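The model shown is predicted, which means the values in this text are computed figures rather than measured ones. We count ligands from 1, going down the list as the structure has it; atoms in each ligand are counted the same way.
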Amino acid sequence: MAVLRLTILGNQGPYPGPGGACSGYLVRSQDASVLVDCGPGVMSKLEEQIDLPSLDAIVISHYHPDHYSDFLTMRYAFHYIDSSGGMNRPVTLALPLVGMEWFLQEIVATGYRHLFEIVPIEHGTRLRAGGRDSGLIMDFRQMSHAIPSFGGIVYAGKPVDGARAPLAYTSDTGPCESLDGMAGSAYALLAEASLLDGDLRNKVPGHLSAAEVGRVAAEHGVGRLLLTHLHPANLLEESVREASEAYGGEVEVAAMGKTYALNAPPSEEMEDEHEI
Ligand SMILES: [Zn+2]
């Protein structure tokens, strides 16, 4: 199976801390590049990695500003590139179907809509970018959040029967069946860990604590756990400690600017040595 490269453009929520950025992840295979979420601070980090016209698709997981606010300014960049003759085709923009008309009207706006090819997202939608052998596939799942929120199981190249996908992304969610399903289907889990176990948990439904993420990952045999959507007020060490204890192994913070080369293991028995 082809290698998937995941670059972390932002790892905080629901607002960025000093020098930080909110949700934004560049997912690449040999011939496809997809931006998943576009929160505050993400666009400038994206441009350090890639020229905007080479993006195949932009995915907005849900309509909370910490996941889309930089799209407002990104429109201007695409408009400029298009006016200068630098865009060969519209960029795929995958958006949750519920609320899509609002997003198109208020956020994309009429003057920019021609720059994008809109793909509505529902539970079970499959998005393809690039070619069949070396492109990307994202299978969306509706998660448990205050508004419809879509995580995804991501493949590079052709999915192999019986093998785990290299990556799944939780978007914003509380514990739910979709979370269990994606943890059982992917080698690496990029998981929101907005909370720490403790009093906050009862006050914020639709999010996960680091310990909850660790438990789910352990239960479903996740090979690599990356924490994201971390609250700027929480200590990273504390989130990692909670998640590691529950996971029973090493847990990493999805580090801003870092690229992870992820490859699904060929079988369930081989859970180590698959990172390139
Ligand atoms: Zn969020």
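- Under a 4.0 Å N-O distance rule, the pair Arg224/Glu252 qualifies as a salt bridge.
- Within the 2.8 Å limit, His62 places no N, O or S atom next to the Zn ion (ligand 1).
- The angle that His67 NE2 and Asp172 OD2 make at the Zn ion (ligand 1), rounded to 10°, works out to 90°.
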Evaluation steps, side chain to side chain contact (heavy atoms under 4.5 Å, CB included), between Ile137 and Leu127: CA-CA 6 Å; Ile137 289 174; Leu127 178 73; over 6 Å; no

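- Under a 4.0 Å N-O distance rule, the pair Arg28/Asp56 does not qualify as a salt bridge.
- Residue Glu192: no N/O/S atom is found under 2.8 Å from the Zn ion (ligand 1).
- Taking the charged nitrogens against the carboxylate oxygens, Glu245 and Arg241 do have a contact shorter than 4.0 Å, which makes a salt bridge.
- Remark: aromatic rings of His123 and Phe150 are distant, center separation not under 6.0 Å.
- For the Zn ion (ligand 1), the N/O/S atoms of Cys22 include none lying under 2.8 Å.
- An angle of 90° is found at the Zn ion (ligand 1) between Asp66 atom OD2 and His229 atom NE2, rounded to 10°.
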